[in-house]
Amino acid sequence: MRGRQLGVAVLLGALVINGGGVAVAAEESSGGRSPAADAQLAAALQQAVDGQNFAEVLDTVPPSTAAAKELYRTELAPDDKGRAAAPTTLAAAAAPIHQTPQLDATVIKLDRAGRPVAAADVILSPQYPNGKIIPLDANLTTDQVRWRQWDDATWDNGAQGTVDIVPGRENAPVDFMSPYPASVLKLMVAFGILRMVDAGELSLDDTYAYTPVGTPSSLCGNARAATSITQLFDEMITVSSNPSTCALIKLMHDRGKIDGLNQQFVDLGLPTLRVKGTNPNTGGTWANAVTMSSIDTAKLLLLFNGSPGRLWKAPSGYVTASVLSASSRSYVLGKLHEQGLNQVLSTTNYCGRAYPPQGIPQVTPSRWIDPSTGVVTVAGRNYGQDVRPCNAAATVTFAHKTGLADTSGNDAGIVKSLPGKPFQSYIVSVHSNLGYRYIDADRPADPAGVYPVQYTEKLALLGRAIHAL
């Protein structure tokens, strides 16, 4: 496949750019970013994004195909955006995507102490079909982008957003519609819940009875008996349970915490992180007003990581990882390390299959592995492959959260080398509109009874290329 060949070429090119590891080793021991390190990483990241040829994917619902649109409208059931994976009958209508996809990728490279030593943000869009480097200042932010919230119809018709996420950016040189975050939004919910825990307003041992008001949401499900916050949190992160997330969002609405959470993100210098528009009666309605740029997502993960020292300056002052207690950071990292859906930037759940190709070579958490067969099963999803050979060859852990909707394919997390393996430590956040609506031209059929591949293989190839940086 052409994309695979280019992915390998980018990987090898990145190794040359990095000087065979000499410059990397020097950065690891120094702590602190430099313009040269940022520029080097940004150039390599732009090459990695451009090298995957994302414009080669097929659209199962071409905007000009009325029959496909009608089938799509009538046959889909809910997922985390109110819809579900496209039926196989849609594949017959697939056509080359009519414009370059929308993608936002951030990498923050860390030294052994967890301090940032280089950072880069690259966007891809119809306006920037080969990728554009977004300069990041000393505070891991930029004023060069007019961030717009996602809208499917608007993207299909020119990819120009109409609703601003951050006010006062009308004259920014880059105008970019930020992809919908899908279930990556659960990182924001996790932060909000743990802030309540740290403030003594909630305990993880507390229980919450989910009782929607009015008509239940198809996204959230029906009422639920009293369940521990620990269980709801675990299900939200490790298996991406939407009902559990709705319960936690409704709990925050019940306590009057959602507006405060959104303001906290602004005060912390994370203005594109917004849990807006959610329904206080159900905890549902996760629509376009919920936003996350890749750089702010990466910065949130930097807080979870417990990176030492002053991380950046925000409107509220210098931000450190102490925004969350050490116990809360340890708790959320533990759940992210137990992520069951390793199928986007990493694809180890499909170990041994030629499609999708391997992405980030992480170890798959034992929690999901059948000890007799090595097969991963996650909340009813049977991946059908023995993952033990990939675990034996793994070099890193990946504490991450994925997101999926029809026009949303995302993955964000923290990569760290396993004991005895070559040192690697970085945060990666990739947000795109390449959800299950888009497929690869030469995608093989999924084996019978096995959970289907939901994302284009190009995201795994991007994960592999980024890992080489």
Side-chain angles (χ1 to χ4, degrees), residues 33 35 38-39 42 45-46 49 99-108 119-182 184-185 187-188 258-259 261-277 287-303 311-319 407-408 410 412 429-433:
R33 292 161 55 213
D38 280 5
L45 180 58
Q46 189 275 332
V49 168
Q99 59 189 3
T100 301
Q102 208 87 354
L103 184 142
D104 183 10
T106 292
V107 175
I108 301 177
D121 184 10
V122 171
I123 62 169
L124 185 76
S125 71
Q127 293 78 24
Y128 303 101
N130 300 114
K132 181 173 180 61
I133 295 171
I134 302 301
L136 299 175
D137 63 20
N139 297 310
L140 290 167
T141 191
T142 179
D143 60 3
Q144 301 299 296
V145 181
R146 184 178 187 181
W147 302 105
R148 311 282 198 126
Q149 72 179 37
W150 182 259
D151 182 82
D152 287 355
T154 300
W155 189 82
D156 279 343
N157 294 284
Q160 190 68 53
T162 59
V163 179
D164 285 300
I165 297 174
V166 180
R169 297 286 182 86
E170 293 80 8
N171 296 320
V174 176
D175 198 327
F176 183 75
M177 186 159 58
S178 185
Y180 175 71
V184 176
L185 69 85
L187 295 177
M188 297 190 290
I258 291 292
D259 289 343
L261 174 62
N262 288 323
Q263 186 58 51
Q264 285 171 8
F265 287 136
V266 172
D267 294 343
L268 290 171
L270 306 170
T272 69
L273 301 190
R274 307 187 314 176
V275 190
K276 290 192 174 183
N288 295 334
V290 177
T291 62
M292 303 177 80
S293 68
S294 73
I295 181 59
D296 282 354
T297 302
K299 290 168 72 176
L300 181 61
L301 289 166
L302 194 61
L303 294 178
L311 299 177
W312 64 81
K313 190 174 184 180
S316 61
Y318 285 105
V319 176
T407 55
S408 182
N410 308 320
S429 176
V430 174
H431 296 222
S432 80
N433 71 319

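Excluded from the calculations below are hydrogen atoms, water molecules and symmetry mates; all remaining heavy atoms, backbone and side chain alike, are included. Here the structure is a predicted model, which means the values were calculated and not measured.
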Quick one, [X] and [Y] - any side-chain contact, counting heavy atoms below 4.5 Å?
| X | Y | result |
| --- | --- | --- |
| L103 | V430 | yes |
| W155 | N433 | yes |
| H431 | S408 | no |
| P181 | W150 | no |
| L311 | K299 | no |
| L136 | R33 | yes |
| I134 | F176 | no |
| V163 | D151 | no |

For [X] versus [Y], what's the shortest heavy-atom pair and its separation?
| X | Y | answer |
| --- | --- | --- |
| Q102 | M177 | NE2-O, 3.2 Å |
| V319 | A314 | CG2-CB, 3.7 Å |
| A105 | D121 | O-OD1, 3.0 Å |
| I108 | A298 | CD1-CB, 3.8 Å |
| V184 | A412 | CG1-CB, 4.5 Å |
| W312 | L140 | CE3-CD1, 4.3 Å |

Any chance you could measure [X], atom [atom1], to [Y], atom [atom2], to the nearest 0.5 Å?
| X | Y | atom1 | atom2 | value |
| --- | --- | --- | --- | --- |
| F265 | M292 | CZ | CE | 7.0 Å |
| L187 | L303 | CG | CG | 11.5 Å |
| T106 | I123 | OG1 | CD1 | 10.5 Å |
| D296 | R274 | CG | CZ | 11.5 Å |
| L301 | S429 | CG | OG | 7.0 Å |
| N410 | Y180 | CG | OH | 9.5 Å |

L273 and side chain to side chain contact (heavy atoms under 4.5 Å, CB included): which single residue from V290, T297, L261 fits?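 Output: one option passes, namely T297.
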If a pair satisfies salt bridge (charged side-chain N to carboxylate O under 4.0 Å, His left out) and one of its residues is in residues 159-172, list it, with sequence neighbours excluded.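 Listed once each, the pairs are R146-D164, R148-D164.
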If you look only at pairs with a residue in residues 126-140, which of them pass as a side chain to side chain donor-acceptor pair (under 3.5 Å), with sequence neighbours excluded?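 For residues 126-140: D50-N130, S125-Q127.
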Taking atom types as modelled, is there a side-chain donor on S294 or D104 under 3.5 Å from an acceptor on the other?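 S294 vs D104: donor-acceptor pair found between side chains.
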Can you check whether [Y]'s main-chain N or O pairs, donor with acceptor, with [X]'s side chain at less than 3.5 Å?
| X | Y | value |
| --- | --- | --- |
| T142 | P135 | yes |
| N288 | D152 | no |
| T100 | P129 | no |
| T291 | T272 | yes |

